[in-house]
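What follows is one structure encoded as structure tokens, with my remarks underneath.
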Amino acid sequence: MGVTSVSAQATMRVPKDGDLHPASASDVPLGQLIQPEELAAGLRSAKSPKPLLFQIGFRVLYVQAHIPGSEYVAAGSSPTGAQQLRERVEKLPRDKAIVLYCGCCPWSHCPNVQPAYELLHGMGFTNVKVLFIAHDFGTDWVNKGYPVEAGQ
Amino acid sequence: MKNWTIPIVLIVVCFAAYLVARHHRRANLSSGSQPGQLAPEFSLKDLRGQTINLVDYRGKVLLLNFWATWCEPCRQEIPEFIQLQNTNPNLQIVGISLDDSEEPVHTFYNQFKMNYPVAVGDAGLARRYGGILGLPVTFLIDCDGRVSVRHIGEVQIPEVTEEITSLLKSGSCLPR
């Protein structure tokens, strides 16, 4: 699908002493974000080619509700998540359209999307977008009526 | 004209069925554990091997916190919960971690010196509490076992303290 640049009001976050997860979603370049309504429209459109979707939050969230067709990869901030994501994408063409999403927490506090984005960027992927979820997956995707499915 | 009636009726019926199904699916994720409802019972082993039965906490105000070790707002509020547990004998805090595995929860529990029971939950429990589609989520349950408040996101401690104080004054709370 076509993923165009969007702007987002993302709160800047100052890392604190003892913070185990200094990486924040606020560090993802604004030009790489995609808004929920834009992604939902693209998924509904029969004409748009579909991106690979990875949920990089936590399994309990994914099992309750996820974007149809998306795959679960463990938390992007964890070594397990990084390894699983790397293994999943390593044989893909570097121009493959990929959308990462989490929705675990408010955007400025999400520890997962920035490390996952950075990993793909570092591997040479050139068409990676990150779904901008301002509050959490329930508020900004499920409650908006965008498509969801449940299950493993 | 009659030739069009049946297809049109079928289309309307199908569309109505679609809307009902869509609403039903969303309702399954968003309803449940609303204020005034009895909190869904559960029985889980905590990290120390003790059984957590929700019903055992009747007579106390219960703060039920869904969290994860890597969730920063959770990490911010947990030290405050530890302090609340220390200073409120008629309050019981229970943590339900939604981490993918138990190992980091043990580490976190010891590192933060958590002084209240913590268990690892699953999607079934999360659904029974109305869907935990973001973290943290915190429920305040009154002394009769009814949900009083559902906080989505990091709680404001002065606000929660006030709510706990108010709940302790009402219902069938045990005398201090």
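The model shown is predicted, which means the values in this text are computed figures rather than measured ones. Chain A is the first sequence line, chain B the second, and so forth, proteins listed ahead of strands; every chain is numbered from 1.
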Approximate separation, where rounding is to 0.5 Å, of A/Q64 CD and B/D122 CG
9.5 Å
For the atom pair OG (A/S77) and CD (B/E72), what is the distance rounded to the nearest 0.5 Å?
11.0 Å
Measuring from A/L61:CG to B/I132:CD1, what's the distance to the nearest 0.5 Å?
10.5 Å
Interface moiety of B/D100 toward chain A, non-hydrogen atoms closer than 4.5 Å:
side chain
Using a 6.0 Å cut-off, check whether atom NE2 of A/H135 has over 12 heavy atoms from anything other than its own residue.
no
Look up atom SG in A/C105 and atom CH2 in B/W67, then write down how far apart they are to the nearest 0.5 Å.
13.0 Å
Sequence-distant partners of B/R58, salt bridge (Lys or Arg N to Asp or Glu O under 4.0 Å), two or more places apart:
B/E41
Mind checking the NE2-SG spacing from A/H109 to B/C74? Nearest 0.5 Å is all I need.
10.5 Å
If you round to the nearest 0.5 Å, how far is CG of B/L133 from SG of A/C104?
12.5 Å
Does a sphere of radius 6.0 Å around CD in A/E90 hold more than 12 heavy atoms from other residues, nucleotides or ligands, not counting ones at 6.0 Å or beyond?
yes
What part of B/I152 gets closer than 4.5 Å to chain A, counting heavy atoms only: side chain, backbone, both or neither?
side chain
Are there more than 12 heavy atoms of other residues, nucleotides or ligands under 6.0 Å from atom CD of B/E159?
yes
Could you pull out all donor-acceptor pairs under 3.5 Å where a side-chain atom in residues 78-86 of chain B meets a protein atom, sequence neighbours excluded?
unit_1 : atom_1 : unit_2 : atom_2 : d
B/Q85  : OE1    : B/Q92  : NE2    : 3.4
B/Q85  : OE1    : B/I93  : N      : 2.8
B/Q85  : NE2    : B/L91  : O      : 2.8
B/N86  : OD1    : B/N115 : ND2    : 3.2

Side chain to side chain contact (heavy atoms under 4.5 Å, CB included) evaluation trace for A/F58 with B/S97
CA-CA 11 Å; A/F58 57 108; B/S97 158; over 6 Å; no
Verify same cluster id: B/F139, B/L38 (apolar side-chain graph, 4.5 Å):
no
Looking only at non-hydrogen atoms, find the nearest pair between A/V63 and B/A123 and report the distance.
CG1-CB, 3.5 Å
